[in-house]
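Encoded as structure tokens, the structure appears first; notes follow it.
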Amino acid sequence: MDAIVKNFPASKEKQVRPTQQEAEEAIRVLLRWAGDDPAREGLLDTPKRVAVAYRELFAGYEQSPEEVLGRTFEEVSGYDDIVLVRDIPFFSHCEHHMLPIVGKAHIAYLPSGRVLGLSKIARVVEIFGRRLQTQENMTAQIASAIEEHLKPRGVAVMIEAEHMCMEMRGVQKQGSQTMTTTFTGEFKTNAAEQARFFTLVRSR
Ligand SMILES: Nc1nc2c(ncn2[C@@H]2O[C@H](COP(=O)(O)OP(=O)(O)OP(=O)(O)O)[C@@H](O)[C@H]2O)c(=O)[nH]1
Ligand SMILES: [Zn+2]
């Protein structure tokens, strides 16, 4: 057996990761299921490549938000207004079909004495994006991770994304966008702050 998967979010129990060999075999089965021949030259190394690609696409299972949100800064000259990072691009995969979700996240918070390194906001998107997701869960998880670690006056998260499971198959609605939002603290209770978030996200 390979290493234990750290921080596997689907269950409180630590899960044991199958070996790379087992993963490659599963991919050979899928290739046969699709109707192709895993023994032909062009596909010989494909199971290995897919396993390596999956490690990268699902690397979020091996990272936890504590690792990136644990470090905050207090020396901000009294700055306490909105901090917004918008248009953070991400790729995720839907948990229903394992097909890509392609989108952008817009994340804001109202500091309460402490701020985050800006890159850490984008890193949180990576951590939750590189897992199997629903857009609703991903939106809520990003907001609650920032809320929990930074304890700001409020967090706003908006995600707009295209789901390949709705575009390439099934209902086949190319270009349809799904929007989700989560607001906490003052963004939830103060309509003016919430409106300011939308204005800043949309201003160009
Ligand atoms: N709420 C939510 N639904 C999602 C997300 N990603 C995919 N889905 C939906 O999950 C649903 C799964 O529905 P099922 O009826 O079990 O699966 P299905 O037969 O493949 O559904 P169709 O896509 O309609 O063909 C579909 O309606 C998908 O559009 C997401 O991020 N959030
Ligand atoms: Zn799907």
Side-chain angles (χ1 to χ4, degrees), residues 5-12 15 17-18 22-24 26-36 46-47 49-65 68-69 84-109 120-149 154-184 187-188 194 197-198 201-202:
V5 178
K6 280 201 295 174
N7 312 311
F8 197 84
S11 155
K12 295 280 170 246
Q15 310 258 329
R17 171 175 262 155
E22 286 172 308
E24 288 180 21
I27 292 151
R28 273 188 283 275
V29 171
L30 286 176
L31 287 169
R32 285 194 281 122
W33 168 253
D36 215 317
T46 296
R49 292 190 197 98
V50 174
V52 170
Y54 264 38
R55 271 278 164 103
E56 195 176 333
L57 296 175
F58 298 114
Y61 289 119
E62 291 167 82
Q63 298 165 317
S64 68
V68 304
L69 296 177
L84 169 79
V85 183
R86 73 177 185 198
D87 295 330
I88 303 165
F90 72 87
F91 293 106
S92 188
H93 286 79
C94 81
E95 66 185 24
H96 301 122
H97 302 93
M98 297 182 74
L99 286 173
I101 304 172
V102 185
K104 283 190 283 188
H106 314 289
I107 301 177
Y109 67 92
K120 309 303 180 194
I121 296 175
R123 285 190 190 283
V124 176
V125 176
E126 286 290 292
I127 289 174
F128 291 114
R130 289 176 182 272
R131 297 178 180 186
L132 290 173
Q133 279 293 6
T134 66
Q135 189 172 323
E136 295 92 327
N137 272 335
M138 186 172 160
T139 311
Q141 286 166 357
I142 292 169
S144 77
I146 296 173
E147 174 77 32
E148 183 183 330
H149 293 285
V155 181
V157 179
M158 176 172 171
I159 291 182
E160 40 194 326
E162 294 188 28
H163 291 242
M164 291 309 131
C165 65
M166 272 181 66
E167 305 208 4
M168 298 167 69
R169 59 158 295 287
V171 73
Q172 299 198 24
K173 294 297 175 209
Q174 290 86 9
S176 60
Q177 295 252 341
T178 303
M179 327 273 283
T180 43
T181 54
T182 297
F183 298 108
T184 73
F187 282 113
K188 193 170 185 160
Q194 203 178 104
F197 170 75
F198 284 120
V201 165
R202 291 293 170 228

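Numbering starts at 1 and runs along the sequence shown. Read the numbers this way: they start at 1 and go in the same order the structure lists the ligands and their atoms.
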Exercise. Decide if atom CE of Met179 counts as having more than 12 heavy atoms of other residues, nucleotides or ligands within a radius under 6.0 Å.
Key: yes
Quiz item: Cut-off 3.5 Å, side chains only: do Gln141 and Gln133 have a donor facing an acceptor?
Solution: yes
Exercise. Under the side chain to side chain donor-acceptor pair (under 3.5 Å) rule, collect the residues that match up with Gln177, sequence neighbours excluded.
Key: Glu162
Self-check item: Neighbour count >12 (heavy atoms, 6.0 Å) for atom CZ, Phe91
Solution: no
Self-check item: Under 4.0 Å from ligand 1 - residues by heavy atom, chain and number
Solution: Cys94, His96, His97, Thr134, Gln135, Glu136, His163, Cys165, Met166, Arg169, Gly170
Exercise. Could you please tell me which protein N, O or S atoms lie under 2.8 Å from the Zn ion (ligand 2)?
Key: Cys94 SG, His97 ND1, Cys165 SG
Quiz prompt | His106 (side chain) donor-acceptor with Asp87 (main chain) under 3.5 angstrom | solution = yes
Quiz item: For Gln174, what residues pass the side-chain contact (heavy atoms from CB on, under 4.5 Å) criterion, not counting sequence neighbours?
Solution: Glu167, Gln172
Quiz prompt | Any donor-acceptor N/O pair, Arg131 side chain to Gly60 backbone, under 3.5 Å | solution = yes
Quiz item: Taking the inter-plane angle between the rings of Tyr54 and Phe58 on a 0 to 90° scale, is it parallel (under 30°), tilted (30 to 60°) or perpendicular (over 60°)?
Solution: perpendicular
Exercise. Answer yes or no: does atom CZ of Arg28 have more than 12 heavy-atom neighbours from other residues, nucleotides or ligands under 6.0 Å?
Key: yes
